[in-house]
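To start, the structure under review is shown below, and the notes come after it.
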Amino acid sequence: MSANESYRKIWQQAALIPAGQVASYGQIAKLAGLPRRAARMIGRALGAAPVEMQLPWYRVVNAQGKISIPKGRPRFVQQCALLEQEGIEVRDGQLDMDKYRWDPSLDELIWGPGMLHDPSAEAGDN
DNA sequence: CGTGTGACTGACC
DNA sequence: AGGTCAGCCACAC
C-alpha cells in the first residue's frame with residue numbers, strides 16, 4: 001500500500017469525527033485499516049492535508065488525550081481554540097478522553113446503521 | 001543510500 | 001501522577 005493511498009484513507013476517516021468529539025492517532029489508524037504502528041503516520045498525513053479540504057485535524061489527539069503538537073507552535077494554540085469552540089474542555093493542552101472519545105460503534109447504535117449524522121447541526125449551541 | 005526525527009503507542013517502572 | 005524504552009515508518013538531509 002502506497003503512502004499516498006494511506007493518506008487518503010486517513011483523511012477519509014478523520015473527516016468522520018463528529019464535532020465535539022475526538023479520536024486518537026491510533027484510533028484513526030485502526031479505522032483506516034492501518035496497523036497500530038502507523039499511528040505516527042497519522043500526524044504526518046494530517047499535516048500534509050490540503051487546507052481546502054477543511055479536515056478536522058484538530059479533533060485528533062494522542063492516546064493520553066493530550067495535544068501532540070509541541071507547545072509554542074501556532075498550531076498548538078489553534079488546536080486548543082478550535083476544540084474549545086466545539087465545547088471541549090481543554091486544560092493545559094489536555095482533555096478527558098473518557099468524556100470526549102469518539103466511539104463509532106456507539107454512534108451507529110444511536111443513529112442507526114447507514115444513518116448520516118451531521119454533527120454541525122448541534123455544534124453551535126453551548 | 002545511511003541517519004536522524006517526529007502531530008505515536010503500549011509496556012514497564 | 002510522571003519518566004523511560006523499544007518498535008515503527010515516511011520524510012528530510
Side-chain angles (χ1 to χ4, degrees):
Chain A
M1 187 192 304
S2 68
N4 215 297
E5 196 177 346
S6 298
Y7 278 24
R8 194 179 56 75
K9 289 183 181 175
I10 290 166
W11 293 336
Q12 197 173 319
Q13 293 305 316
L16 298 179
I17 308 172
Q21 294 180 58
V22 298
S24 75
Y25 294 92
Q27 191 179 349
I28 295 299
K30 185 181 170 187
L31 289 171
L34 300 166
R36 178 179 54 75
R37 333 280 198 248
R40 300 197 82 140
M41 194 163 50
I42 309 298
R44 181 165 292 286
L46 294 179
V51 224
E52 53 271 25
M53 187 177 277
Q54 294 190 264
L55 204 72
W57 57 270
Y58 55 90
R59 294 187 193 138
V60 185
V61 297
N62 72 21
Q64 285 74 46
K66 252 169 49 174
I67 287 174
S68 288
I69 301 171
K71 295 181 181 179
R73 291 194 190 172
R75 286 282 210 190
F76 177 90
V77 181
Q78 190 181 6
Q79 183 166 17
C80 290
L82 287 167
L83 287 174
E84 296 197 306
Q85 192 175 305
E86 295 186 345
I88 296 175
E89 306 165 56
V90 184
R91 205 186 118 86
D92 198 31
Q94 195 164 199
L95 55 84
D96 188 347
M97 280 304 266
D98 290 337
K99 191 171 177 180
Y100 299 111
R101 196 181 80 89
W102 173 42
D103 187 343
S105 62
L106 182 60
D107 206 59
E108 200 171 275
L109 198 61
I110 296 172
W111 299 99
M115 176 72 72
L116 270 70
H117 171 216
D118 183 1
S120 63
E122 61 187 67
D125 64 342
N126 41 281

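Letters A, B, ... mirror the listed sequences (proteins, then strands); counts begin at 1. Remember, predicted model here, so these are calculated numbers, not experimental data.
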Could you pull out the protein-nucleic contacts involving nucleotides 11-13 of chain C (nitrogen or oxygen on both sides, under 3.5 Å)?
{"residue": "C:dC11", "atom": "OP1", "partner": "A:Tyr7", "partner atom": "OH", "Å": "3.3"}

> Looking across every strand, which nucleic acid part, if any, lies under 4.0 Å from A:Arg73 by heavy atom: base, sugar-phosphate, or nothing?
Replying inline: sugar-phosphate

> Base, backbone or nothing for each nucleotide of nucleotides 2-7 of chain C, written B, S, -, heavy atoms under 4.0 angstrom, 5' to 3'?
Replying inline: -----B

> Does anything in residues 87-98 of chain A pair up under side-chain hydrogen bond (donor to acceptor under 3.5 Å, both in side chains), and if so which pairs, sequence neighbours excluded?
Replying inline: A:Lys71-A:Asp92, A:Glu89-A:Lys99, A:Glu89-A:Tyr100

> Contact class for A:Gly47 (heavy atom, under 4.0 Å): base, sugar-phosphate, or nothing?
Replying inline: base

>> Classify A:Ser24 by what it touches in the nucleic acid, base, sugar-phosphate, or nothing, heavy-atom distance under 4.0 Å.
In response: sugar-phosphate

Side-chain donor/acceptor pairs under 3.5 Å, residues 12-23 of chain A, sequence neighbours excluded:
{"residue": "A:Gln12", "atom": "OE1", "partner": "A:Arg8", "partner atom": "NH1", "Å": "3.3"}

> Can you find a heavy atom in the side chain of A:Leu95 that is under 4.5 Å from one in the side chain of A:Met97?
Replying inline: yes

>> Any heavy-atom pair between the side chains of A:Gln79 and A:Val90 that's under 4.5 Å?
In response: no

>> Rounding to an integer number of Å, can you tell me how far A:Asn4 CG sits from C:dC9 P?
In response: 18 Å

> A:Gly93 and A:Cys80: which non-hydrogen atoms are nearest, and at how many Å?
Replying inline: CA-SG, 4.3 Å

> Which heavy atom in A:Val60 sits nearest to a heavy atom in A:Ser24, and how many Å separate them?
Replying inline: CG1-C, 4.1 Å

> Between A:Asp96 (CG) and C:dA1 (P), how many Å, whole number?
Replying inline: 10 Å

> With sugar-phosphate meaning primed atoms plus P, OP1 and OP2, does A:Pro35 contact a base, only sugar-phosphate, or nothing at under 4.0 Å between heavy atoms?
Replying inline: nothing

> Quick one: does A:Leu34's side chain get under 4.5 Å of A:Ile10's, heavy atoms only?
Replying inline: yes

>> Does any part of the side chain of A:Ile88, heavy atoms only, come nearer than 4.5 Å to the side chain of A:Tyr58, both counted from C-beta?
In response: no

>> Wobble G-U and Watson-Crick pairs count when both distances are under 3.5 Å; given that, what is the 5' to 3' dot-bracket string of DNA chain B, with | for pairing to other strands?
In response: .|||||.||||||

> Can you give the first and last nucleotides of DNA chain B, 5' to 3', that have an atom under 4.0 Å from a heavy atom of chain A?
Replying inline: B:dG6 to B:dG10

